[in-house]
Amino acid sequence: MPKLTIDGMDIEVEPGTSVLQAAERLGIEIPRFCYHDRLSVPANCRMCLVEMERSPKPVASCALQAQDGMVIHTDSEMTHAARKGVMEFLLINHPLDCPICDQGGECDLQDQAMAYGFDRSRYLENKRAVKEKNFGPLIKTFMTRCIHCTRCVRFADEIAGVPELGAPGRSEHMEIGTYVEQAITSELSGNMIDICPVGALTSKPYSFVARPWELRKTDSIDVMDAVGCNIRVDARGGEVMRVLPRLHEDVNEEWVSDKTRFAFDGLRKRRLDRPYVREAGTDGGRGRLHEASWPEAFAAIAQRLEGVAGNEIAAIAGDLADVEAMTALKDLMTSLGSANLDCRQDGALLAGPRGGYLFNSGIAGIEQADAILIVGANPRWEASLVNARIRKRWLNQAYYGPVKIGRIGDAADLTYRVDHLGSDPAALQAVLDGSSPFSQVLRDAKQPMIILGMGALARPDGTAILDCARRVAEAYGMVRDATEDEPAWNGFNVLHTAAARVGGLDIGFLPGEGGRDIRDILIGTRGGEIKVVWLLGADEIAAAHFGDAFVIYQGHHGDAGAHRADVILPGAAYTEKAATYVNTEGRVQRARMAVFPPGDAREDWKILRAFSEVIGKRLPYDSLAAVRSRMAEINPVFAREDIQEAGAWGVFGSEGALDAVPFASSIDNFYQTDPISRASDTMAQCVAEILDQAQAAE
């Protein structure tokens, strides 16, 4: 391995390491604009120039591979003079927008100008002005500020897989933009705002709203999908102003999807901020909802529960419910004698050993796979960061080794090359019996992987498909224990779409002995056997399914569940409570309170604890710590935070006939999948300008 000297310190690095990376390992910071750890190296900004002994001129450290015997100086007079010269050139055309620029306070150019800039310019000609570009409803452009680092171009091409940006023209006529003026169609486009080192790309919804030093920053977890992206919630007063990604190499690296980043404005719309009780209607009809106090709402529920047997009560947890709330609701239902519980409101009847419902390899484990079979999933819409990781694996075959990707499902552009094997369960059966061309690929692979989506599981034959997928995994060595020659590997992966799903399965929010699952609960409500239904943020079920049942809705938005409810209990959204979520790979993560809930809304577990006392079924915990102790008592996994490991393997699914109906993605609108994003004006604009535009083009 090459050994070099940087500023008098010796370091030995792996072949292919750049001088800039070697310097960083020594704690030496080298300024840069075009270089980014996760993008290719263009070496076009020249800000990272360093002095190398025996070289007549400074060299770009980002593109210079470390060689044995090199002697580098990053703090010499030549280096400083070179960087000052580069900075002067960069500022020739850059406008004096700092007082009004949204990047102010977080701008790389601003920071580095303090170290290497000059207090005046020697350039007397007029500055260049560039027309602003239309990048869609999410990104606001000020292209006069652009310094042509091309980070956005490389991100769109390499990470997002949507090569819609380029740099046509030469010299002073070069401009960054879309070749045809239109909105950028990537689900990850907002990350360009983060990587832009100047104020050329800023957040359109955040434009002229706040300065970074005014904001209170809270580390939290995203719930817009089941990936569990690590985020930072920035708030001012009682209002969330923006959501940004946090670094977590094993989950989301440093990216988030556009829905995660921009749907937060839905937290201010259609909020439930006080209890409501529906008055009695005339002629047997349903009356209007009217405002009520907490005691009145609790009294209405308690009155309706009188004389109702436990088997006539049911509870359904929604896709955004936290584990603390599901724990409290489960204990409450148990105290009422009800075993009719379910957290699988889409009908995907997953249960059994933990290995049967987790993304067992982990999201980072995708980079180790050499054959990937995707069944009934569109990861680009269902889990954008998982899709980005698959694309990363596909792009880096020279580094990780070759990989082949097969897909069974509807046609879709996943941003990487895929062998389409079919669209219905027969194609999966063909893989199992060896008649599919992809069977040999799996047979030859050392680290094969299957990704099973909700489009395959949320069907009447879902348990039969799950059984077939399990047998595929076992037949092709996707699940194996560690040996002397090879580490353990579990490539059986379920890709969830609901942030609450794995947590609900882990806590056992499932039918108890003799209890009804989601399908039987809805059959019971329509037939009159189920008289009371408690909805914990369950908004994906049509009102007609509840028949004449008495519906209690506990949640934070006036969505489908609240419209059908007879009593509404206002809860807290994910930014307004300390809560636990488990992502699709089984990683327990904690969200933290960034702002207080509006009005009379309260944290969900506290609502359930208060109601339990009203009906004389007091739950045995009075603090968040006590609730979490109860969670760990039910399942020890909740005592281990931020740990990913494959689940226990066993027999799951059930043998049965496979339907001939083709698989379809569980999501047909990426931007509006839950009560928060459906309430978001920004997401509505994305639907109008991106989805509708794409459909019109087709």
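- Exactly one residue among Arg391, Lys392, Arg393 makes a salt bridge (Lys or Arg N to Asp or Glu O under 4.0 Å) with Glu367. That residue is Lys392.
- No side-chain donor-acceptor contact under 3.5 Å links Gln345 and Arg501.
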Do Phe670 and Glu187 pass the side-chain contact (heavy atoms from CB on, under 4.5 Å) test, and can you show the C-alpha distance, the side-chain angles, and the key distance before you say yes or no? CA-CA 8 Å; Phe670 167 76; Glu187 298 77 26; 3.7 Å; yes
Please test Thr260 against Ser257 for side chain to side chain donor-acceptor pair (under 3.5 Å), starting from the C-alpha separation and ending with a verdict. CA-CA 5 Å; Thr260 297; Ser257 73; 3.1 Å; yes
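- Side-chain contact between Pro511 and Asn340: absent, with no pair of heavy atoms (C-beta onward) separated by less than 4.5 Å.
- Here the closest non-hydrogen pair linking Gly503 and Val323 is CA-CG2, 3.9 Å.
- Considering only heavy atoms from C-beta on, Asn583 stays 4.5 Å or farther from Val502 through its side chain.
- Side chains of Asp370 and Tyr400: a donor-acceptor N/O pair is absent below 3.5 angstrom, by distance only.
- Cation-pi geometry between Lys404 and Phe438 is not met: the NZ or CZ atom fails to fall both under 6.0 Å from the ring centre and inside 45° of the normal.
- In terms of modelled atom types and a separation under 3.5 Å, the side chain of Ser338 and the main chain of Ile313 share a donor-acceptor contact.
- Asp410 and Ser423 are not linked by any side-chain donor-acceptor pair at a separation below 3.5 angstrom, with hydrogens and angles left out of the test.
- Remark: aromatic rings of Phe155 and Trp255 are close, center separation under 6.0 Å.
- Taking the six-membered ring for Trp and thresholds of 30 and 60 degrees, Tyr621 and Trp605 have ring planes more than 60 degrees apart, a perpendicular arrangement.
- Salt bridge status for Asp419 with Arg407: absent, with no side-chain N to carboxylate O gap under 4.0 Å.
- Residues Leu505 and Leu510 form a side-chain contact, since some pair of their non-hydrogen atoms from C-beta on lies under 4.5 Å apart.
- What you find for Arg459 and Gly455 is that their closest heavy atoms are CD-O, 3.2 Å.
- Rounded to the nearest 0.5 angstrom, Asp659 CG and Asp461 CG are separated by 4.5 Å.
- Among the candidates Ile366, Leu442, Ile390, the single residue satisfying the side-chain contact (heavy atoms from CB on, under 4.5 Å) test with Met449 is Ile366.
- Inspection of the Ser654 and Asp467 side chains reveals no N or O donor paired with an N or O acceptor under 3.5 Å.
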For Asp485 and Thr483, run side chain to side chain donor-acceptor pair (under 3.5 Å): C-alpha distance rounded to whole Å, both residues' side-chain angles, the deciding distance at 0.1 Å, then the answer. CA-CA 5 Å; Asp485 300 325; Thr483 65; 5.2 Å; no
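- Salt bridge status for Asp517 with Arg519: absent, with no side-chain N to carboxylate O gap under 4.0 Å.
- Looking at Glu474 and Arg471, no side-chain N of the basic residue comes within less than 4.0 Å of a carboxylate O on the acidic one, giving no salt bridge.
- Looking only at atom types and distance, the side chain of Gln589 has a donor-acceptor partner in the side chain of Asn230 under 3.5 Å away.
- In this structure, Asp346 CG and His496 NE2 are separated by 9.5 Å, a value rounded to the nearest 0.5 Å.
- Ionic pairing of Asp219 and Arg592 is not present here: no N-O contact between side-chain nitrogen and carboxylate oxygen is shorter than 4.0 angstrom.
- Side-chain N or O atoms of Asn396 include none that pairs as donor or acceptor with a backbone N or O of Tyr399 at under 3.5 Å.
- Tyr553 and Trp534 have their aromatic ring centers separated by at least 6.0 angstrom.
- Applying the 6.0 Å contact sphere to CG of Asp37 captures more than 12 heavy atoms from other residues, nucleotides or ligands.
- Asp674 and Ser677 share a donor-acceptor pair across their side chains, judged by distance under 3.5 Å alone.
- In this structure the side chain of Met683 reaches within 4.5 angstrom of the side chain of Cys686, judged on heavy atoms.
- We find the CZ-CD distance between Arg516 and Glu529 to be 5.5 Å, quoted to the nearest 0.5 Å.
- Side chains of Ser361 and Gln368: no donor on one and acceptor on the other come within 3.5 Å.
- Inter-residue side-chain proximity for Val588 and Val637 is flagged as met; some heavy-atom pair is nearer than 4.5 Å.
- By the 4.0 Å N-to-carboxylate-O rule, Arg678 lies too far from Asp539 to be salt-bridged with it.
- With respect to the salt-bridge test (charged N to carboxylate O, under 4.0 angstrom), the residues Arg38 and Glu249 qualify.
- Counting only heavy atoms from C-beta outward, the side chains of Asp322 and Thr580 never approach each other to under 4.5 Å.
- Taking the six-membered ring where tryptophan is involved, the planes of Tyr416 and Trp394 are tilted, since the angle between them lies from 30° to 60°.
- Contact annotation: the side chain of Asn669 approaches that of Val687 to within less than 4.5 Å [non-hydrogen atoms, C-beta and beyond].
- Arg587 has no carboxylate O lying under 4.0 Å from a charged side-chain N of Glu641, or vice versa, which leaves the two without a salt bridge.
- A donor-acceptor contact closer than 3.5 angstrom is absent between the side chains of Gln644 and Asp250.
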